[in-house]
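Just so we're on the same page: letters track the sequence lines, and every chain starts at 1. Nothing here was measured: the structure is a model prediction, and the numbers come from that model. Heavy atoms only: backbone and side chains are in, while hydrogens, waters and symmetry mates are out.
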Amino acid sequence: MNEALIQQLEFLPDYLSRHLLLTVTALVIGIGISLPLAILVTRVRVLQGPVLIVASAIQTIPSLALLALMVPLLREIGFLPAAIALILYSMLPVIRNTVTGIDEVDPNLIEAGRGLGMTPNQLLIRVQLPLAMPVIIAGIRTATVWVVGITTLSTPVGATSLGNYIFSGLQTQNYTAVLVGCIAAASLALILDGLIRVMEIAASRRSRMLLGLASFAMLALLAIGLSPLLLSATTDDNRPTVIVGAKTFTEQYILAQLITGRLQDAGFRTQTMESLGSTVAFDALVAGQIDCYVDYSGTIWANYMKREDNPGTRPVYDGVRTWLREEHGIEHTVRLGFENTYTLAMRRDRADALGIHTIDDLFEHAPRFKLGGDYEFFSRPEWRELTSRYGLKFQALMTMDSTLMYSAVATNEVDVITAFSTDGRIPAFELLLLDDTRGAFPPYDALLMIGPKAAENMSEIRRVLEPLRDVINDEVMRSANRHVDVDGGSIKAAAEILRRLGHD
Amino acid sequence: MITLEGISKSYDGGTTHAVIDVELTVEAGSLLVLLGESGCGKTTTLKMVNRLVELSTGRITVAGHDIRDVAPVELRRKIGYVFQGIGLFPHLTVAENIGIVPRLLGWSARKTELQIHELLERMGLSRAVYAGRYPHELSGGQQQRVGVARALVARPDVLLMDEPFGALDPITRDELQEQLKALQKSLGLTIVMVTHDMTEALLLADRIAVMKEGRILGYGTPGALMSEPPHEYIRSLMEMPRKQAKRVEQIAGGAP
């Protein structure tokens with residue numbers, strides 16, 4: 001086995017057990033709601049249309065969006081919003097198949113049952129449900145496979161799952177991690193599906209032995225799968241645990257690793273909640289569900305404070321600190337020293353040939369240029385500022401994954417991209433960052449924020465993290481990012497590059 | 001004894017009627033046939049007796065009790081019901097199908113088993129061979145024998161039959177008709193049977209009620225209806241078996 005694989009498999013017990021717990025909880029509750037609801041619907045016909053329409057409508061919401069929507073609705077991240085979204089998602093196949101199964105029971109059998117003097121409930125239990133069972137089980141199997149798959153999407157809302165492999169792997173271009181996550185999720189889906197199928201066959205053949213075996217296998221799978229969680233829950237280690245958050249890009253994974261490393265050295269137990277959606281992380285910090293994470297002054301300024309002006313680095317930093325303190329009681333922020341700003345970048349050789357050094361210089365070329373941007377850029381206030389301050393009109397705007405932007409500009413598929421200034425691929429692909437002479441982009445100082453509860457209850461955290469203040473400059477952060485994104489190094493090794501700095 | 005006292009059924013609040021003003025008495029231990037074309041209201045009339053269809057007006061009594069004073073479920077467990085669709089439960093064995101009403105009634109396993117065996121024997125089905133089989137392993141005739149056994153297992157005094165042999169081949173039908181007649185005698189059953197088959201009606205009935213468009217057109221013993229049909233429609237109905245027999249004879253006689 002190669003080292004990269006061994007490294008990934010270390011996470012498997014934790015990811016798999018949390019994935020399994022989420023999946024099984026959602027399925028058990030989902031089926032527990034859907035079955036009675038479906039039976040009710042076959043009795044009270046007027047409900048059938050509305051119930052099926054609502055269940056279908058839920059299904060049409062893209063699963064990632066449904067999961068993400070649960071966070072503002074519940075004002076919480078982690079297990080609960082993920083479980084509720086998955087429960088909703090599991091319902092349609094179970095409801096639809098149960099209704100169909102019961103409806104398709106031969107009317108002669110219903111007449112026979114009534115004629116023999118069965119009550120509606122007896123008819124249901126002795127005739128309709130047994131005969132509809134194969135169709136109902138088929139619905140449950142569909143729901144199982146769906147939910148196992150969609151559980152991988154609960155990572156961005158703060159519920160650890162096999163999706164952690166996939167999200168962080170895709171972001172850091174670690175395809176070993178992506179594969180491990182996909183294979184583990186697919187295997188889990190197939191095994192659960194197969195076991196349910198065997199139980200169904202056993203029940204229809206009335207084979208107690210087969211049913212016993214299948215039930216035993218199912219219980220064994222759950223017991224083994226969930227044991228890492230149970231073991232960690234019963235540990236007698238009662239040191240406080242610090243939960244460190246990270247958003248979904250390489251720099252965030254590296255910084256989280258750096259922070260947890262320092263905390264562990266100081267004797268804290270730590271847990272990382274990574275690949276969080278952008279606003280999810282801030283909401284989680286405010287709610288005390290994570291204890292600290294790194295965000296950027298411009299993001300807080302523009303996205304959370306909804307400010308569209310740009311008064312300059314110092315006023316933005318001061319404004320952000322005041323707002324954090326007054327609105328959310330976040331008193332402790334450590335400015336790490338580097339800035340990861342949004343900016344525009346293009347190939348250095350082309351820029352030189354065309355004489356472009358600043359965004360201003362783009363003006364006459366823009367109508368022939370394609371601009372590549374990440375998912376959020378074109379809906380962010382910076383884009384409006386950029387167009388209004390510089391009067392830029394591009395030939396085309398193309399939205400793409402941020403990991404793909406850099407190679408797209410390097411291969412001339414687009415001419416200009418929105419870049420993050422600390423990205424390691426900027427030096428690697430020989431890109432030039434264009435100067436923002438008119439101040440369209442607010443400053444993006446990296447700020448390590450400590451949540452109010454953590455700061456109060458675990459004041460030691462402040463002392464441990466304070467030495468990170470002003471020790472990481474743009475150049476160093478860029479080389480740590482480059483280590484992962486370009487050279488294929490591990491997050492741990494990249495964090496090590498930064499850690500050595502703090503001790504210089 | 002069953003009495004139907006001026007019963008009517010309307011599905012649209014009285015504008016049109018499926019059954020109008022039916023007045024009948026079925027003596028205990030006798031077999032009444034409701035005869036007529038499809039849509040004449042005979043099945044509706046039958047189903048009102050065990051409240052599978054609720055009557056609109058009038059009154060029905062079974063053994064002296066108004067059926068509206070008995071919960072439908074209780075009523076049906078005391079009245080056997082056999083219909084053309086048979087309706088054996090495919091996920092249950094023959095024995096389990098027959099035992100379903102005793103289970104609903106909470107009989108002991110022993111009592112249920114004895115009764116199942118007795119009825120299988122009465123219907124000419126060896127219990128060793130058939131008790132453990134599933135319905136799909138039986139012929140149509142065997143299935144309806146099980147259907148009759150299931151209807152009789154709780155020892156009802158009254159049996160309602162809706163074209164019970166309509167889907168069977170003639171030889172099987174003949175056998176089952178014989179068996180039914182014998183059963184009725186030995187168990188003293190009061191039977192109401194719906195059929196559109198004249199021959200079946202003449203062979204089995206103590207009394208026949210001929211229905212047309214929801215009303216009773218004529219009522220009497222097979223003999224009386226044949227000798228003095230009260231209506232032209234009934235005359236043509238009654239002549240049918242004879243006409244057919246004559247034609248059959250001609251064909252047979254013409255052969256060498």
Side-chain angles (χ1 to χ4, degrees), chain A residues 35 38-39 42-46 97-141 196-211 214, chain B residues 43 46-54 70-93 96-106 132 134-136 143-144 146-154 156 158-164 166-167:
Chain A
L35 267 183
I39 290 166
T42 61
R43 300 247 177 116
V44 188
R45 284 291 164 184
V46 291
N97 281 38
T98 304
V99 170
T100 309
I102 289 177
D103 279 354
E104 283 180 357
V105 170
D106 181 355
N108 274 323
L109 302 178
I110 306 301
E111 177 165 358
R114 292 185 64 214
L116 289 169
M118 288 185 180
T119 63
N121 285 338
Q122 287 165 339
L123 198 59
L124 180 73
I125 290 164
R126 290 173 195 273
V127 180
Q128 289 168 307
L129 283 182
L131 292 173
M133 202 44 82
V135 185
I136 297 173
I137 298 280
I140 290 177
R141 287 172 59 195
I196 298 172
R197 171 82 184 123
V198 173
M199 288 166 101
E200 182 198 5
I201 293 172
S204 73
R205 290 197 195 148
R206 300 191 185 185
S207 163
R208 279 179 197 210
M209 199 176 83
L210 193 58
L211 189 60
Chain B
T43 293
L46 182 84
K47 286 185 175 176
M48 282 192 277
V49 177
N50 67 356
R51 296 184 66 179
L52 282 177
V53 172
E54 295 289 354
V70 189
V73 167
E74 298 299 319
L75 181 73
R76 291 176 204 146
R77 287 177 190 174
K78 288 185 199 138
I79 298 178
Y81 180 63
V82 177
F83 65 114
Q84 185 172 353
I86 306 177
L88 296 185
F89 302 121
H91 58 300
L92 301 180
T93 63
E96 287 166 338
N97 262 287
I98 300 176
I100 207 151
V101 177
R103 272 186 77 175
L104 300 180
L105 293 171
Y134 284 90
H136 69 88
Q143 287 187 19
Q144 193 55 298
V146 176
V148 173
R150 183 172 66 178
L152 294 178
V153 70
V158 174
L159 184 61
L160 305 180
M161 307 185 90
D162 187 3
E163 310 224 18

Given a strict heavy-atom distance threshold of 4.5 Å, which part of B:L105 is in contact with chain A: side chain, backbone, both, or neither?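 Answer is neither: B:L105 stays 4.5 Å or more from chain A.
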
With a 4.5 angstrom heavy-atom cut-off, could you sort out which part of B:F83 is near chain A: side chain, backbone, both or neither? side chain

Here's a test for you: under side chain to side chain contact (heavy atoms under 4.5 Å, CB included), which of B:V153, B:V73, B:I100 qualifies with A:L116?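 Of the listed residues B:V153, B:V73, B:I100, the side chain to side chain contact (heavy atoms under 4.5 Å, CB included) partner of A:L116 is B:I100.
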
Short of 3.5 Å, which donor-acceptor contacts do chain A and chain B share? List atoms and distances.
from   : atom 1 : to    : atom 2 : distance (Å)
A:E111 : OE2    : B:K47 : NZ     : 3.2
A:E111 : OE2    : B:Y81 : OH     : 2.3
A:G117 : O      : B:R77 : NE     : 2.8
A:G117 : O      : B:R77 : NH2    : 3.1
A:Q122 : OE1    : B:R77 : NH2    : 2.9
A:R126 : O      : B:H91 : NE2    : 2.7
A:R206 : NH1    : B:E96 : OE2    : 3.2
A:R206 : NH2    : B:H91 : O      : 2.8
A:R206 : NH2    : B:E96 : OE1    : 3.4

Is there side-chain contact between A:L109 and B:P90, with at least one heavy-atom pair below 4.5 Å? yes

Quick check on the interface: out of B:V101, B:L160, B:L104, who has the most heavy-atom pairs with chain A under 4.5 Å?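 Sorted descending by pairs with chain A, the first entry is B:L104.
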
Mark yes when over 12 heavy atoms from residues, nucleotides or ligands other than A:R45 sit less than 6.0 Å from its CZ; otherwise mark no. yes

Return the option, out of A:A112, A:P130, A:P107, with the maximum number of heavy-atom pairs under 4.5 Å with chain B.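 The candidate making the most pairs under 4.5 Å is A:A112.
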
